[in-house]
Amino acid sequence: QHLIQVINPNTSVAMTHTIGEAARSVAAPTSRIVAVCPTQGVESIEGHFDEAIAAVGVLEQIKLGKAQGASGHVIACFGDPGLLAARELATGPVIGIAEAAMHTATLLATRFSIVTTLPRTVIIARHLLRQYGFEHHCAALHAIDLPVLALEDGTGLAQQKVRERCIQAMREDNSGAIVLGCGGMANLAQELTAELGIPVIDGVTAAVKMVESLIALGFGTSKHGDLAYPNKKPLSGCFDMLS
Ligand SMILES: NC(=O)NC1=NC(=O)NC1=O
């Protein structure tokens, strides 16, 4: 059995549950999924400020996951907050849901669209496309223009907006695949794929399978170069928990 730690970087317990259930729905019998979120931080991540706060919580959870014997880690927020810092700390593979969903889309289609939450997170998704080298694969980005936690408010409005935006993207963008741009959309991908007849990709499930693959291949995060463990030095104040 391999323990795979799935980290929801925001502090929403409801979203952590949604993410954990999605991860378990695809996990191999040899994987044990533990879904966690930071003990302190921000309830939803909707910009650079939120991501900076969340990244510290991600690092704390990586440290805890390592101590529990996690073989790999998923960062289950579409901004992939703290991804490279987490890779320095981690021994096993660390996969962000944005990179996982984008990589998966490029294996299934020549162009993909992204459907995310707020207009400002569309801009952040563009930064990630550039960072990961997928700018030319992404035909368009759409926002449902609802806050992240609307996905957990129980009204179903956000889910309906995601569905409408996915249908619109399929019609207008000439994309062969759609990437869902929020960890809280993880439970929508399977149904939308069946209804639309094209791959609608959630990064949580994609990342879990990628971590499993890397573990099965015997790979951990490279410790040669800039992802080597952090140089040892005293950490003051609240950062002492990361020592
Ligand atoms: N683009 C996003 O909606 N990012 C996210 N913010 C969160 O709190 N979770 C996400 O996946």
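In each ligand, atom 1 is the first atom listed, and ligand 1 is the first ligand listed. In this text the structure is predicted, and so the values were computed from the model without any measurement.
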**Request:** Considering the heavy atoms of Val148, write down every atom of ligand 1 situated less than 4.0 Å from one of them.
**Result:** 3 (O), 6 (N), 7 (C), 8 (O)

**Request:** Measure the distances from the heavy atoms of Gly184 to every atom of ligand 1 and state whether one is below 4.0 angstrom.
**Result:** no

**Atom indices of ligand 1, in the order listed, that fall short of 4.0 Å to a heavy atom of Asn10** = 7 (C), 8 (O), 9 (N)

**Pairing of Arg163 and Glu195 as salt bridge, 4.0 angstrom limit** = yes

**Prompt:** Backbone, side chain, both or neither: what part of Thr116 comes under 4.0 angstrom of ligand 1, heavy atoms only?
**Reply:** side chain

**Request:** Applying side-chain hydrogen bond (donor to acceptor under 3.5 Å, both in side chains) between Asp173 and each of Arg111, Gln168, His142, report the one that passes.
**Result:** His142

**Item:** Ile45: numbered ligand 1 atoms lying under 4.0 Å from its heavy atoms
**Value:** 4 (N), 5 (C), 6 (N), 7 (C), 8 (O)

**Cationic N near anionic O, under 4.0 Å, Glu164 to Arg171** = no

**Request:** Considering the heavy atoms of Ser44, write down every atom of ligand 1 situated less than 4.0 Å from one of them.
**Result:** 8 (O)

**Request:** Would you tell me which option among Pro147, Gly181, Cys182 has the nearest heavy-atom contact to atom 1 (N) of ligand 1?
**Result:** Gly181

**Prompt:** Testing Ile4, Leu3, Val211 for side-chain contact (heavy atoms from CB on, under 4.5 Å) with Ser31, which one passes?
**Reply:** Ile4

**Prompt:** Do ligand 1 and Ala76 have nitrogen or oxygen atoms that lie under 3.5 Å from each other?
**Reply:** no

**Prompt:** Should one rank Leu151, Thr121, Val122, Thr117 by closest heavy-atom distance to atom 3 (O) of ligand 1, which comes out on top?
**Reply:** Thr117

**Prompt:** For ligand 1, is there an N or O atom under 3.5 Å from any N or O atom of Gly79?
**Reply:** no

**Message:** Just so I know, are the side chains of Asn8 and Val36 near enough to count as touching, which here means a heavy-atom distance under 4.5 Å?
**Reply:** no

**Flag side-chain contact, heavy atom, 4.5 Å: Phe78 against Val179** = yes

**Asked** What atoms in ligand 1 come closer than 4.0 Å to a heavy atom of Gly183?
**Response** 10 (C), 11 (O)

**Item:** Glu60 and Lys63 ion-paired at < 4.0 Å
**Value:** no

**Request:** Please confirm whether Tyr132 and His103 have ring centers closer than 6.0 angstrom.
**Result:** no

